[in-house]
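Below: the structure, in structure tokens.
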Amino acid sequence: MGIKAEEISALIKKQIENYQSEIEVSDVGTVISVGDGIARVHGLDNVMAGELVEFSNGAMGMAQNLESNNVGIVILGPFAEIREGSDVKRTGRIMEVPVGEELIGRVVNSLGQPVDGLGPINTTKTRPIESPATGVMDRKSVDQPLQTGIKAIDALVPIGRGQRELIIGDRQTGKTSVAIDTILNQADQDMICIYVAIGQKESTVRATVETLRKNGALDYTIVVTASASQPAPLLFLAPYAGVAMGEEFMFNGKHVLIVYDDLSKQASAYRELSLLLRRPPGREAFPGDVFYLHSRLLERAAKLNDTLGGGSITALPFVETQAGDISAYIPTNVISITDGQIFLQSDLFFSGVRPAINAGLSVSRVGGSAQIKAMKKVAGTLRLDLASFRELEAFAQFGSDLDKATKAKLDRGARTVEVLKQDLNKPLKVEKQVMILYALTRGHLDDVAVADIRRFEAEYLNWLEHNHSELLDEIRTTGNLPKEDAINAAIAEFKKTFVATA
């Protein structure tokens, strides 16, 4: 069979028509040294700060130190196969994470990749993990309450939507429990929660996820985890990844609660990173910009004004103290950035007062303006009662004879401490908190034995639900305290049915 010249020329012409010449130009550098998750690279002269680069083994890196003759890059993944002489390619992209509704209910790492074994996350949007905080004129003052469901917080150190409230205390004093209870209480509050676990054991994160799942809270929660076994860069990036995911919801007019558990571990990871990058160390060997590390993160929590949709991000950063020392470097830094702190004390925790909130050292600088009127009325004297009780308690230990007024104060204080105790994972709706605190502050519990207070509370709130639900409904819908006569009558009616223990 002969080959026809016309057919060949027609084929060649067709190929020439479809031929597209594309020249791809990419900046490629060479690794000159690698170790401890840090690579020094020569030849990437035009790389941007914070830009993603790709190594020849597929691992990603992030440009950090831009020096005159080389670039310091932190490796975000396995670095065992990266050798001196390996190629590094610029991507032209700043570090970003996937964002959107699809992430809700999932457990992801600092890069937004799923780690819960439930398959890929099909998101279409991404956001850079570093972005400037909302400007002054785009914000409005905090005016909506964030109900935590914890009596000691909602009454004494209330939190508003858009606030940054630090939770600080030694290890094992119930910091994480406070955050988990707050997340559980958001079930019907139209709030999206993001829990960022930094440097925790993987078993601990798993237990937290199971608690959220068991209580139905995973339906509105994203968990971002950078566990203790992961490289320092991922621990450093985790909070920024979390807040970038939250900003997507905030700018769409939604309300977000983000928990950073905890920033001490992030600061330690950043210190490790900085020392490996040969940055000069400062106080406690932390780099000079460790304050900026946290301020640029926490400033992204805001309450937006109505023109921008009125969304908010409320941040609950955690800081771990050593032996209750809140004047150490990282605690004082974060205290100065936040709008108040909740101090958890180990002495209280071990004496059975849980949550172990020290009312004297805990403050909320803006949440009071978001507190509902009913709570303001009943909780007004609570802080003073508690403070004077703690003072008198130390004095009364000496066993001297006490006058009637002092004895009455001590008795009221003991009942206040009992009422503020709360079981784990049992957040209480605000209307129920108001009703029990009213009974306490108006003296209705003064004739109930201290040992019976917890049982009295449980039975009273249960009885109210079935017999006087209109009182609870009024607080829930209007935020105001019902007529005091009606509450007093309800308490008197219940007390007739309450049986004290012998």
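Note that this is a predicted model, so its numbers are computed, not measured.
- Annotation: side chain of S312 is not in contact with side chain of V256 (no heavy-atom distance under 4.5 Å).
- Here the CZ atom belonging to F286 is positioned 4.0 Å from the CZ atom belonging to R271, to the nearest 0.5 angstrom.
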Begin from the C-alpha positions of Q189 and H255 and carry the test side-chain hydrogen bond (donor to acceptor under 3.5 Å, both in side chains) through to its verdict. CA-CA 9 Å; Q189 305 282 322; H255 298 286; over 6 Å; no
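- A salt bridge does not link R161 with D143: every distance from a Lys NZ or Arg NE/NH1/NH2 to an Asp or Glu carboxylate oxygen is 4.0 Å or more.
- With 3.5 Å as the limit, one finds a donor-acceptor pair spanning the side chains of N185 and K429.
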Verify salt bridge (charged side-chain N to carboxylate O under 4.0 Å, His left out) between K175 and D170, making sure each step is shown before the conclusion. CA-CA 9 Å; K175 298 192 294 296; D170 284 11; over 6 Å; no
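- The two atoms that bring M191 and L146 nearest to each other are CE-CD1, 3.2 Å, heavy atoms only.
- Side-chain contact between P145 and I372 is present, with heavy atoms from C-beta onward closer than 4.5 Å.
- Two residues are said to be in side-chain contact when any heavy atoms from C-beta on lie closer than 4.5 Å; T221 and I194 fail this criterion.
- Judged by distance alone, with hydrogens and angles left aside, the side-chain atoms of Q186 form a donor-acceptor pair with the main-chain N or O of Q147 at under 3.5 Å.
- Heavy atoms from other residues, nucleotides or ligands lying under 6.0 Å from CG of D190 number 12 at most.
- Sparse packing is recorded around CZ of R171, with 12 or fewer heavy atoms of other residues, nucleotides or ligands lying under 6.0 Å away.
- Remark: the backbone N or O of F456 is not paired with any side-chain donor or acceptor of D452 at under 3.5 angstrom.
- Between I313 and F251, the closest side-chain pair of non-hydrogen atoms is not below 4.5 Å.
- Taking CD of E457 as the reference point, atom CG of L437 lies at 8.5 Å (rounded to 0.5 Å).
- Put simply, the residue from R300, K254, K125 that forms a salt bridge (Lys or Arg N to Asp or Glu O under 4.0 Å) with E247 is R300.
- Without hydrogens or angle criteria, E130 side chain to G50 main chain gives no donor-acceptor distance under 3.5 Å.
- Distance alone, capped at 3.5 Å, is enough to place a donor-acceptor pair between the R139 side chain and the T134 backbone.
- Between the side chain of S110 and the main chain of L234, a donor-acceptor pair closer than 3.5 Å is present.
- Nearest heavy atom pair, residue L445 against residue R415, reads O-NE, 3.0 Å.
- Within the structure, every pair that satisfies the salt bridge (charged side-chain N to carboxylate O under 4.0 Å, His left out) test and touches residues 324-339, not counting sequence neighbours, is listed here: R164-D339.
- The pair E474-K483 does not meet the salt-bridge criterion, since no charged nitrogen lies less than 4.0 angstrom from a carboxylate oxygen.
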Go through K432 and E465 one step at a time and tell me if the salt bridge (charged side-chain N to carboxylate O under 4.0 Å, His left out) criterion holds. CA-CA 9 Å; K432 290 185 173 181; E465 251 182 358; 2.8 Å; yes
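- Put simply, CG on L420 and CD1 on I453 are 11.0 Å apart, with the number rounded to the nearest 0.5 Å.
- Salt bridge absent: K377 and E484 never bring a charged side-chain N and a carboxylate O closer than 4.0 Å.
- Between L218 and V223 the shortest side-chain heavy-atom distance falls below 4.5 Å.
- Judged purely by distance below 3.5 Å, without hydrogens or angles, the side chains of D261 and T176 pair a donor atom with an acceptor atom.
- Rounding to the nearest 0.5 angstrom, the gap separating the OG1 atom in T307 from the CE atom in M137 is 10.0 Å.
- Remark: S264 OG to Q322 CD distance equals 8.0 Å, nearest 0.5 Å.
- In plain terms, the two heavy atoms of R383 and V363 that are nearest each other are NH2-CA, 4.4 Å.
- Residues E431 and R476 are paired through a salt bridge, judged by an N-O separation under 4.0 Å between the basic side chain and the carboxylate.
- The side-chain contact (heavy atoms from CB on, under 4.5 Å) test applied to Y292 returns D289, S295, R296, not counting sequence neighbours.
- A side-chain contact (heavy atoms from CB on, under 4.5 Å) with Y260 holds for exactly one of L316, L298, V224; it is L298.
- R412 has a carboxylate O that lies under 4.0 Å from a charged side-chain N of D446, or vice versa, which qualifies the two as a salt bridge.
- Without hydrogens or angle criteria, T314 side chain to G162 main chain gives a donor-acceptor distance under 3.5 Å.
- Looking at every heavy atom in both residues, T173 comes nearest to A356 through O-CB, 4.4 Å.
- The closest side-chain heavy-atom distance from P355 to Q422 is below 4.5 Å.
- Counted within 6.0 Å of CD on E391, heavy atoms from surrounding residues, nucleotides or ligands total 12 or fewer; the atom is thus considered open.
- At a threshold of 4.0 Å, the pair E210-K214 does not count as salt-bridged, since none of the basic side-chain nitrogens sits closer than that to a carboxylate oxygen.
- Between D154 and K151 there is no salt bridge, since no side-chain N of the basic residue sits under 4.0 Å from a carboxylate O of the acidic one.
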Which atom pairs, one a donor and one an acceptor, fall under 3.5 Å between side chains of residues 344-352 and the rest of the protein, sequence neighbours left out?
{"unit_1": "Q345", "atom_1": "OE1", "unit_2": "N358", "atom_2": "ND2", "d": "2.9"}
{"unit_1": "S351", "atom_1": "OG", "unit_2": "D347", "atom_2": "O", "d": "3.2"}
{"unit_1": "S351", "atom_1": "OG", "unit_2": "L348", "atom_2": "O", "d": "2.9"}

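- A donor atom on one side chain and an acceptor atom on the other are not found under 3.5 Å apart for E102 and T123.
- When side chains are defined from C-beta on, Q113 does not count as touching V108, because their heavy atoms never get closer than 4.5 Å.
- Side-chain atoms of D403 and T406 include a donor-acceptor pair closer than 3.5 Å.
- Considering CG of L166 and CD1 of I337, their distance stands at 9.5 Å, rounded to 0.5 Å.
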I'd like to know whether S364 forms a side-chain hydrogen bond (donor to acceptor under 3.5 Å, both in side chains) with Q163, so could you lay out the CA-CA distance, the side-chain angles of the two residues, the decisive distance to 0.1 Å, and finally the verdict. CA-CA 9 Å; S364 174; Q163 189 176 343; 3.1 Å; yes
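- With salt bridges taken as basic N to acidic carboxylate O contacts below 4.0 Å, one links D306 and K140.
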Test salt bridge (charged side-chain N to carboxylate O under 4.0 Å, His left out) on R455 and E459 and set out the steps. CA-CA 6 Å; R455 188 168 61 84; E459 290 177 19; 3.1 Å; yes
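- A distance-only check finds no donor-acceptor pair linking the side chain of K265 to the backbone of V319 [under 3.5 Å].
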What do the steps show when you test R454 against D423 for salt bridge (charged side-chain N to carboxylate O under 4.0 Å, His left out), and what is the final call? CA-CA 10 Å; R454 301 286 298 279; D423 290 333; 2.9 Å; yes
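- Closest of all the heavy-atom pairs between T477 and D473 is OG1-O, 2.7 Å.
- The heavy-atom pair separating H444 from N488 by the smallest distance is NE2-OD1, 3.0 Å.
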Show, in sequence, the C-alpha distance, side-chain angles and deciding distance for Q200 and S227, and conclude whether the side-chain contact (heavy atoms from CB on, under 4.5 Å) test is met. CA-CA 5 Å; Q200 294 186 27; S227 64; over 6 Å; no
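- Put simply, the side chain of S362 never gets that close to the backbone of A359: no donor and acceptor are under 3.5 Å apart.
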